[in-house]
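Counting convention: from 1, in listed order, for ligands and their atoms alike. On a predicted model such as this, the values are computed, not experimentally measured, just so you know.
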Amino acid sequence: MKINFLKWKCAAALGMLLCMTEGSFAQTKSQPYEGVPGWTESQDKRMEWFREARFGLFIHWGLYSAAGGSFEGKQYPQHYAEWIQTWGKIPSKQYAAVLKPKFTLRSFEPKAWARLAKKAGMKYMVLTSRHHEGFSLFNSQQPYAVKNDITGSANLSPKGRDLYKEIMSAFRQEGLKVGAYYSLLDWQHPDSYEAFNLNPNPDNHKPDHNRYKEYLYGQIKELAQNYGPLDMLWPDFSSKQHQGEAWGTKRILTDLIKWQPNIIINNRFWEGLENKNGDIGTPEKYIPPTGLPGMDWEVSHTMNESYGYSAHDQNWKSFPKIMQLFVETVSKGGNFLLNVGPDGDGAIPAPAVEIMERIGDWMQVNSEAIYGTTASPFQALDWGYCTQKEGKLYLHVFDRPAGGSIDLPIKNKVLAAYGLAAPKTRLKVETKAGKPQIPVDAFTIESGPKVIVVEIQGKPLVEQNLTQTQADGRIIMNANNANLQEAKGLKIIGANTHDPNRPNALGQWKDPNDRIYWDIKIQKPGKYRVLINYLPNAKHTGTLLLSALGQKFPFVFGVENGSGFKDAELGTLEVSQQVIGEPSTRMNLQATEIKGDALPEIASITLIPIKE
Ligand code: GLC
């Protein structure tokens with residue numbers, strides 16, 4: 001089951017009443033901008049650069065960066081180090097007194113940040129103008145920001161400087177678009193919805209939310225009017241209780257489009273990461289399994305676990321892993337906003353710099369396969385991902401197929417094929433069973449995926465989605481390459497913000513008329529073990545029937561609870577020599593009985609050759 005984002009936040013905040021109710025991802029599309037005129041009409045024009053860019057930098061920098069995951073000697077193991085004030089239940093006054101002196105700027109070089117981003121091939125940047133702690137990098141002139149009873153000032157920039165301005169100008173000078181992340185939550189303001197969750201309230205002050213709305217409006221006005229062009233506003237975040245008008249969104253949106261007619265806004269003035277309001281959806285640390293059809297979106301992801309700097313979070317993803325997340329996102333039609341968390345001195349951690357430099361080296365050769373591309377025409381590919389432009393398919397190869405060539409499931413005539421690394425060297429493309437065979441030279445994934453351009457005549461005519469035999473002889477039928485029929489409820493459920501490594505699985509199978517099939521290409525006759533991989537759940541039981549080649553494999557889900565996906569045997573499939581000559585074999589999966597709300601989630605069915 002998808003872990004609910006807000007529910008998690010509630011748990012994480014240790015019952016601090018940050019969230020009043022459960023949230024959900026659903027949101028209606030009726031008035032994507034609260035009905036404010038000017039937005040919908042200009043959307044395509046405003047979104048032009050974003051659709052071309054595909055790749056941006058997220059910067060989380062604030063007082064939490066000076067804590068780096070520890071406060072007064074205590075280390076907080078939680079991810080999301082920018083939440084340390086909440087993890088430690090630290091009153092704002094104490095938080096500021098300890099951390100402001102540690103926010104030294106000793107190594108702060110915004111121009112170097114901007115050069116690094118440009119070198120990595122990023123086309124835009126989003127900076128935390130202020131995060132939930134309520135301290136801003138910009139020099140806000142709002143009365144509360146200048147002087148407040150709790151911490152004296154909510155401004156972080158030293159006298160005479162404006163760090164936000166310095167960073168935004170540096171990036172603009174390098175030709176990147178710039179966006180402001182702006183927290184709607186505020187853990188210090190006495191009139192915010194979270195007022196006094198962390199701070200003492202000696203005078204029994206009754207928060208006046210209208211005053212807080214004025215503050216938000218005033219600060220957003222400063223961001224939009226005082227710093228030149230603002231290409232994106234990235235508010236964060238809403239709950240079912242506090243969304244839209246709770247922030248005074250109508251007034252903000254009415255004026256914002258006048259102040260910055262080209263601005264893009266994300267969907268977080270409203271509740272849910274995939275809600276269809278604003279200009280873009282914002283999946284956080286996960287890639288929606290089938291993209292977010294019908295809307296623009298951007299995945300924000302981290303190189304280690306936290307957005308804000310954490311000295312003890314050394315769980316850095318490898319460069320190939322980051323490339324996989326990046327390319328998978330783009331191949332599904334999204335933008336990739338990759339985060340860095342500079343420390344309190346202003347230094348970007350060395351592993352992050354190294355990853356960005358390596359992405360830059362890859363982009364130098366391959367950026368054509370990223371910028372301005374649209375989603376893959378294919379459902380799932382065994383060897384990697386695909387992006388496209390008119391007349392061109394870009395094959396991003398992560399795993400070189402065992403036979404050394406890709407059996408590309410299209411019916412088009414191939415006009416030319418070449419690697420982006422050596423565009424002048426044409427590849428020899430043969431046709432087998434009507435499909436082009438694209439040769440792939442050996443390469444090391446340590447330098448990133450290999451990109452091959454296939455120029456085709458006309459629009460891609462995709463062949464049926466055929467599941468191929470792996471190099472070791474196994475055939476894996478998973479959620480990504482499944483064909484869903486009827487599918488009233490049945491869908492692919494993927495990883496989520498707080499369980500990013502969860503496999504994609506077939507879930508919400510509530511209706512016995514929903515069906516699944518795979519067309520597979522078996523290459524060797526003989527006996528195959530049939531294994532199912534599923535997520536046991538005592539509330540979800542029932543019976544499945546897998547049928548293929550006239551053989552039937554019923555499976556009863558027992559009443560069991562487990563902590564993760566597990567394998568079970570379905571039986572032995574016998575494959576005759578005759579079958580091998582067939583272009584494909586259909587494997588049908590039916591739900592013969594569904595007890596409880598749905599069947600357990602199914603990640604895959606695998607055929608494993610039995611050696612005799
Ligand atoms: C979340 C978090 C936050 C992080 C952000 C990034 O809402 O609260 O810490 O800045 O989203 O997507």
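One side chain, T387 or H396, offers a donor N or O that lies under 3.5 Å from an acceptor on the other. Under the 3.5 Å distance criterion, with hydrogens and angles disregarded, no donor-acceptor pair is assigned to the side chains of E133 and W83.
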Ignoring hydrogens and angles, write down the donor-acceptor pairs under 3.5 Å from the side chains of residues 338-346, residues two or more places apart or on other chains.
{"from": "N339", "atom 1": "OD1", "to": "H60", "atom 2": "ND1", "distance (Å)": "2.9"}
{"from": "N339", "atom 1": "ND2", "to": "Y307", "atom 2": "O", "distance (Å)": "2.8"}
{"from": "D343", "atom 1": "OD1", "to": "D345", "atom 2": "N", "distance (Å)": "2.9"}
{"from": "D343", "atom 1": "OD1", "to": "G346", "atom 2": "N", "distance (Å)": "3.0"}
{"from": "D343", "atom 1": "OD1", "to": "A347", "atom 2": "N", "distance (Å)": "2.9"}
{"from": "D345", "atom 1": "OD1", "to": "T104", "atom 2": "OG1", "distance (Å)": "2.4"}

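Side-chain atoms of V36 and W39, non-hydrogen and from C-beta on, do get closer than 4.5 Å to each other.
H132 counts as a contact of ligand 1, since one of its heavy atoms falls under 4.0 Å from the ligand.
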Determine, step by step, whether R211 and D208 satisfy the salt bridge (charged side-chain N to carboxylate O under 4.0 Å, His left out) criterion, reporting the C-alpha distance in whole Å, the side-chain angles of both residues, the deciding distance to 0.1 Å, and the verdict.
CA-CA 6 Å; R211 216 168 330 161; D208 174 352; 3.7 Å; yes
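Near Y80, the atoms of ligand 1 lying under 4.0 angstrom from a non-hydrogen atom of the residue are 2 (C), 9 (O). Per-residue contacts place F237 under 4.0 angstrom from the following atoms of ligand 1 (heavy atoms of the residue considered): 7 (O), 8 (O). For ligand 1, the atoms closer than 4.0 angstrom to any heavy atom of E284 are 1 (C), 5 (C), 6 (C), 7 (O), 11 (O), 12 (O). Against a heavy-atom cut-off of under 4.0 Å, H131 is close to the following atoms of ligand 1: 3 (C), 4 (C), 9 (O), 10 (O). Counting the atoms of ligand 1 from 1 in the order shown, those under 4.0 Å from a heavy atom of W83 are 2 (C), 3 (C), 8 (O), 9 (O). Atoms of ligand 1 found under 4.0 Å from any heavy atom of H60, numbered from 1 in the order shown, are 4 (C), 10 (O). Set against the non-hydrogen atoms of S300, the atoms of ligand 1 under 4.0 Å away are 12 (O). Near Y181, the atoms of ligand 1 lying under 4.0 angstrom from a non-hydrogen atom of the residue are 10 (O).
Distances between N or O atoms of W234 and those of ligand 1 include no value under 3.5 Å. Residue-to-ligand polar distances place D236 within reach of ligand 1: an N/O pair is separated by less than 3.5 Å.
In this structure, H301 contributes its side chain and L337 its backbone to no donor-acceptor pair below 3.5 Å.
The salt bridge (charged side-chain N to carboxylate O under 4.0 Å, His left out) analysis of residues 47-66, with sequence neighbours excluded, yields the pairs D44-R51, R51-D296.
The aromatic rings of F108 and W61 sit parallel, their planes meeting at an angle under 30°, below the 60° perpendicular limit.
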